[in-house]
Amino acid sequence: MAQPSTTYKFELNLTDLDRSVYENVKQTIARHPSETEERMTVRLLAYALWYNEQLSFGRGLSEVDEPALWEKSLDDRVLHWIEVGQPDETALTKACRKADQVALYAFHHAAEVWWKGIENKLHKLHNLQV
C-alpha cells in the first residue's frame with residue numbers, strides 16, 4: 001500500500017516593494033511521501049520569491065511533466081516553469097522548450113558538484129535561470 005502525502009498549511013505575509021506586492025497568502029501544499037522537508041521548504045521559498053496570482057504548485061514528483069511550480073497564461077501557455085532540485089539536462093531542456101522562462105533552485109550539499117557536471121551542457125538554454 002502506498003503512503004499518502006502529508007498536507008501542510010501555511011500563511012505568508014508577502015511584501016515586495018519592487019513589484020508592488022503586498023499580500024497575505026494562505027496556501028495548502030502536499031508533501032509527496034518521497035519528498036524531503038528540505039525540498040518542500042525550497043518549493044515554498046520559490047513560491048514566495050516569484051509570487052503572483054497565477055503561480056501554482058505543480059504535481060512535481062508525482063508527475064514528471066509538471067514542475068514544482070508554474071505560472072500559466074489564460075490560454076494555458078506556460079509562462080514560468082520553476083523547478084526544485086537537481087534535474088538532468090534532458091528535463092531542463094524540455095522545460096525550456098515548454099515555457100517562456102525557467103527558474104531552477106538547486107539545493108543540498110551536492111548541488112555544487114551537480115552544477116559543475118551539468119553547467120557546460122546548459123549554456124544553450126537562454127531562458128534558464130539557475
Side-chain angles (χ1 to χ4, degrees):
M1 186 167 143
Q3 291 181 329
S5 59
T6 306
T7 303
Y8 290 83
K9 294 180 184 247
F10 65 88
E11 184 174 342
L12 294 174
N13 184 343
L14 300 173
T15 303
D16 186 337
L17 300 175
D18 295 334
R19 296 186 305 143
S20 298
V21 173
Y22 309 96
E23 296 286 336
N24 286 316
V25 179
K26 291 182 181 181
Q27 187 65 268
T28 302
I29 60 174
R31 183 170 67 93
H32 190 274
S34 66
E35 182 178 34
T36 64
E37 286 185 356
E38 181 181 29
R39 184 181 187 281
M40 184 191 69
T41 302
V42 174
R43 281 194 305 140
L44 178 57
L45 289 172
Y47 179 83
L49 288 170
W50 291 101
Y51 174 79
N52 69 52
E53 290 181 7
Q54 290 76 36
L55 188 64
S56 62
F57 288 95
R59 288 180 278 192
L61 294 175
S62 300
E63 181 66 42
V64 294
D65 288 335
E66 285 191 19
L69 297 154
W70 56 5
E71 176 188 354
K72 287 185 163 186
S73 66
L74 295 175
D75 62 354
D76 211 33
R77 208 174 77 245
V78 180
L79 302 174
H80 196 175
W81 181 291
I82 302 171
E83 195 57 70
V84 172
Q86 299 168 14
D88 63 15
E89 124 188 46
T90 306
L92 288 172
T93 302
K94 271 185 179 177
C96 287
R97 277 193 227 123
K98 290 180 180 181
D100 295 348
Q101 180 181 10
V102 177
L104 169 64
Y105 289 91
F107 64 95
H108 204 269
H109 59 10
E112 190 173 330
V113 173
W114 167 83
W115 178 245
K116 286 181 182 178
I118 200 170
E119 180 179 18
N120 291 332
K121 299 173 186 177
L122 303 177
H123 70 277
K124 65 186 178 283
L125 304 177
H126 299 291
N127 59 340
L128 175 64
Q129 179 183 9
V130 179

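The figures that follow rest on heavy atoms only: side chains count, while hydrogens, waters and symmetry mates do not.
Both L55 and M40 are part of a single hydrophobic cluster, where members link through side-chain heavy atoms under 4.5 Å apart. Linking Ile, Leu, Val, Met, Phe, Trp and Tyr whenever their side-chain heavy atoms come within less than 4.5 Å puts V102 and V130 in one cluster. Neither V25 nor W70 shares a network with the other; the hydrophobic side chains, linked directly or stepwise wherever heavy atoms of I, L, V, M, F, W or Y lie under 4.5 Å apart, form separate groups for each. No path of Ile, Leu, Val, Met, Phe, Trp and Tyr side chains, each step under 4.5 Å between heavy atoms, connects V78 with I82, placing them in separate hydrophobic clusters.
Within 6.0 Å of CD on E11 lie more than 12 heavy atoms contributed by other residues, nucleotides or ligands. Applying the 6.0 Å contact sphere to NZ of K72 captures more than 12 heavy atoms from other residues, nucleotides or ligands. Within 6.0 Å of atom CD in E53, 12 or fewer heavy atoms from other residues, nucleotides or ligands are found, so the atom counts as exposed in its surroundings.
Partners of K9 according to the salt bridge (charged side-chain N to carboxylate O under 4.0 Å, His left out) rule, which considers only residues two or more places apart in sequence or in another chain, do not exist here.
To the nearest 0.5 Å, atom CH2 of residue W50 and atom CD of residue Q101 are 4.5 Å apart. Atom CG of L45 is separated from atom CG of L12 by 9.0 Å, given to the nearest 0.5 angstrom. Here the CD-CD distance, from E71 to Q54, works out to 5.5 Å after rounding to the nearest 0.5 Å. Atom-to-atom distance recorded for W81:CH2 and D100:CG is 12.5 Å, nearest 0.5 angstrom. Atom CD of Q86 is separated from atom CG of L104 by 8.5 Å, given to the nearest 0.5 angstrom. Taking CD from E35 and OG1 from T6, the interatomic distance works out to 9.5 Å, rounded to the nearest 0.5 Å.
Taking each heavy atom of P33 and P4 in turn, the nearest pair found is CG-O, 3.6 Å. Taking both residues in full, the closest heavy atoms of L69 and P67 are given as O-CG, 3.1 Å, listed atom of the first, atom of the second, then distance. Of all heavy-atom pairs spanning V84 and A68, the tightest one is CG2-CB, 3.8 Å. A48 and L14 make their closest contact through CB-CD2, 3.9 Å (heavy atoms, listed as atom of the first residue, atom of the second, distance). Residue A30 comes nearest to R43 through the heavy atom pair O-NH2, 2.9 Å, listed as atom of the first residue, atom of the second, then distance. Of all non-hydrogen atoms in I118 and E89, the two that sit nearest each other are CD1-N, 3.4 Å.
Side chains of S73 and L79 form a contact here, defined as non-hydrogen atoms less than 4.5 Å apart. Residues L122 and L92 have side chains in contact (heavy-atom distance under 4.5 Å, counting atoms from C-beta outward). Residues E37 and Y8 are in side-chain contact: their nearest non-hydrogen atoms beyond the backbone lie under 4.5 Å apart. No side-chain heavy atom of Q27 sits less than 4.5 Å from a side-chain heavy atom of Y51. Residues Y105 and L49 form a side-chain contact, since some pair of their non-hydrogen atoms from C-beta on lies under 4.5 Å apart. Taking 4.5 Å as the limit, every side-chain heavy atom of K121 sits out of range of all side-chain heavy atoms of T93.
Ring pair Y47/F57 is parallel by interplanar angle, where below 30° counts as parallel and above 60° as perpendicular.
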- Task: Tell me, with the steps shown, if R39 and E83 meet salt bridge (Lys or Arg N to Asp or Glu O under 4.0 Å).
- Result: CA-CA 11 Å; R39 184 181 187 281; E83 195 57 70; 3.8 Å; yes

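In terms of modelled atom types and a separation under 3.5 Å, the side chain of N127 and the main chain of C96 share a donor-acceptor contact.
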